[in-house]
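Everything on this sheet refers to the single structure shown next.
In what follows, every heavy atom counts, from backbone to side chain, and hydrogens, waters and symmetry copies are set aside. Just so you know, these numbers come straight off a predicted model, no measurement behind them. A, B, ... follow the sequence lines: proteins, then strands. Residue 1 opens every chain.
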2 protein chains.
Amino acid sequence: MAGNREKIIEGARRLMNREGSSATGTTRMAEALEISPGNLYYHFKSREEIVARIYERLEATFREGLVAGTGDGITPERFADFYIVAIGIAWDYRFFFASQTDLLAADDALARRHRELQAWSLNALEEIVALLEKQGTALLPKARGEAARLRKSIALNTWLLWISWISFVKVEKAESDLVRGDMARGAVQMFDLFSPWLDTEFEKAARKILNSELERMDAVA
Amino acid sequence: MAGNREKIIEGARRLMNREGSSATGTTRMAEALEISPGNLYYHFKSREEIVARIYERLEATFREGLVAGTGDGITPERFADFYIVAIGIAWDYRFFFASQTDLLAADDALARRHRELQAWSLNALEEIVALLEKQGTALLPKARGEAARLRKSIALNTWLLWISWISFVKVEKAESDLVRGDMARGAVQMFDLFSPWLDTEFEKAARKILNSELERMDAVA
DNA sequence: GTCTATAAGCAGATAGAC
DNA sequence: GTCTATCTGCTTATAGAC
């Protein structure tokens, strides 16, 4: 009853992560999954649709990770978790970040969808900064308009680091294979972007949690 | 005597910028240049080679722009010029930044080459920061090891912003066409990354020059 | 629900005429 | 130096058997 649908989505994601989106045709997917190309097209009307279904998971995980559990204010644990979630997604869907432009150019609906996610995310990140200010754990310069400008800048830079980290590491490690641990520096780099404005105690606590989480992840993967 | 060689390199760059690398096959190149596919293969042994020749220009322009004219110290003019050069390249070779990973995955020699450029560039950027410190126009926190860490961080963030800006703007402007003016915000975003550590007078002067240069560029293009 | 077989199209690249 | 014509190999996707 379940059929191969789930297996295909998950297998395609894995394969594209390993070999890159453009190197992963429907034939190779079917081959790697040990099913026939025909079977693949029974479950999905096109390759595009497979990518779209994978993207939906990326999007859902990301939105959830950015929104959940900030109602009672942001603890150092919660703050560190933002970065953990972010780099987890960048790793789990690295094929997408590596081929963003081509994937979006090939599918208008996907492009619109990602455009909305980007806009939404920049807002959400700004709100997180604002929330940290409100609860006194972040202090931005109060000069006229400066705080608002800086909030936007932190949000945008965090986003840009997030989307580019995979490309950067792939260049750096051209010959050897990427491992999950390569993401850790990216998380720290994103964290560092914000840390100058954080309350010292809060910053210390959050960094400690982030570092131990990253080590834990590395040990598992 | 000159033949079509130059015309092909320049035409391929233009076409790939407009339609994206993966959408620009050798057939389409020949068509757009109004020459035959055969002629194209007389001048270049493969599509890869065309891309490699284009990349060489990107690389040369970039290295030159990052190194030239710092012997007598860095003036606000020279400092602003770094960003002008950087975004000029990001614009002129935007096809490369948009499809980096796929292009490098398809050509090992190119991947190695770009890997060296990335490493070299991070060093060069660090040196620029150090130079600004030495001449007293940048002030980084002196706490043990902090300055070195921050120099590296500024260099890396600047690089990451540079390589990701095009992807970001392409998502934002999904339906309409990109224009050169879309790059201006990227330059400012990169500049902002460094500005908190700059001497106030120097920062003001450099920002003013940067802004007027960006306006000038926009008016021309 | 899964298979085999294959169509249709486009890519990169080459041979050989002019 | 440039052309026409063409080959090979790949891709996405479909038709129809089981």
Side-chain angles (χ1 to χ4, degrees), chain A residues 1-55 95-96 98-99 101-111, chain B residues 1-55 95-96 98-99 101-111:
Chain A
M1 202 133 95
N4 282 333
R5 203 182 151 86
E6 186 58 29
K7 217 172 80 181
I8 292 169
I9 294 181
E10 188 53 18
R13 184 185 66 80
R14 280 196 144 86
L15 200 61
M16 288 170 125
N17 275 344
R18 194 169 343 119
E19 322 212 337
S21 162
S22 67
T24 309
T26 48
T27 328
R28 265 205 59 73
M29 287 180 195
E31 190 189 339
L33 289 160
E34 295 180 299
I35 61 171
S36 68
N39 188 344
L40 203 149
Y41 279 91
Y42 169 77
H43 290 289
F44 299 92
K45 76 170 209 295
S46 68
R47 184 183 185 280
E48 254 181 37
E49 201 204 325
I50 301 177
V51 174
R53 292 296 87 75
I54 299 175
Y55 177 83
F95 81 91
F96 178 79
S99 304
T101 310
D102 281 328
L103 287 169
L104 300 182
D107 182 345
D108 282 354
L110 192 65
Chain B
M1 202 134 96
N4 283 331
R5 204 183 151 83
E6 186 57 29
K7 216 172 82 179
I8 292 169
I9 295 181
E10 189 51 20
R13 185 186 65 80
R14 280 196 144 85
L15 201 60
M16 288 170 128
N17 276 342
R18 193 169 344 116
E19 320 211 337
S21 162
S22 67
T24 310
T26 48
T27 328
R28 264 205 61 72
M29 287 180 196
E31 191 189 338
L33 289 160
E34 294 180 301
I35 62 172
S36 68
N39 188 343
L40 201 149
Y41 279 91
Y42 169 77
H43 290 288
F44 300 92
K45 74 170 212 295
S46 67
R47 184 184 185 279
E48 253 180 37
E49 202 205 325
I50 301 176
V51 174
R53 292 296 87 74
I54 299 175
Y55 177 84
F95 82 91
F96 177 80
S99 303
T101 309
D102 282 327
L103 287 169
L104 300 182
D107 183 346
D108 281 354
L110 193 65

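- Between the OH atom of A:Y41 and the C1' atom of C:dC3 there is a distance of 16 Å, given to the nearest Å.
- Annotation for B:R47 and B:G25: closest pair NE-CA, 4.3 Å, computed over non-hydrogen atoms.
- Here the side chains of B:V51 and B:M16 are in contact, with some heavy-atom distance below 4.5 Å.
- Using a 4.5 Å heavy-atom cutoff, the side chains of A:L15 and A:F95 are not in contact.
- For the pair B:N39 CG and C:dC18 P, the interatomic distance rounds to 18 Å; values are reported in whole Å.
- Taking 4.5 Å as the limit, every side-chain heavy atom of A:I8 sits out of range of all side-chain heavy atoms of A:R53.
- Here the rule is side chain to side chain contact (heavy atoms under 4.5 Å, CB included) with A:T24, and of A:E19, A:R14, A:R13 only A:E19 fits it.
- We find that NE2 of B:H43 is positioned 18 Å from P of C:dG12, with the value rounded to whole Å.
- Across all their heavy atoms, A:L110 and A:A52 have their closest contact at CD1-CA, 4.3 Å.
- A:D107 has its CG atom 15 Å from the C1' atom of D:dT12, to the nearest Å.
- One interatomic measurement links the two molecules: CD1 of B:I8 to C1' of D:dT2, which rounds to 10 Å at whole-angstrom precision.
- C:dG1 atom P lies 15 Å from atom CG of A:L40, rounded to whole Å.
- Between A:D102 atom CG and C:dA11 atom C1' there is a gap of 15 Å when expressed in whole angstrom units.
- Atom-to-atom, OH of B:Y42 to C1' of C:dG12 comes out at 20 Å; the value is rounded to the nearest Å.
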message = Could you write out DNA chain D as dot-bracket? Rules: Watson-Crick or G-U wobble, both distances under 3.5 Å, brackets [ ] for crossings, | for pairs with another strand, dot for unpaired.
response = ||||||||||||||||||

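- Under 4.0 angstrom from either OP1 or OP2 of C:dG1 there lies no side-chain N or O belonging to A:N4.
- For the contact set between residues 18-36 of chain B and DNA chain C, defined by any heavy atom under 4.0 Å, the members are B:G25, B:T26, B:T27.
- Residues B:F44 and B:R5 form a side-chain contact, since some pair of their non-hydrogen atoms from C-beta on lies under 4.5 Å apart.
- Judged as a salt bridge (charged side-chain N to carboxylate O under 4.0 Å, His left out), not a single pair has a partner in residues 102-111 of chain A (not counting sequence neighbours).
- The closest side-chain heavy-atom distance from B:I50 to B:L40 is below 4.5 Å.
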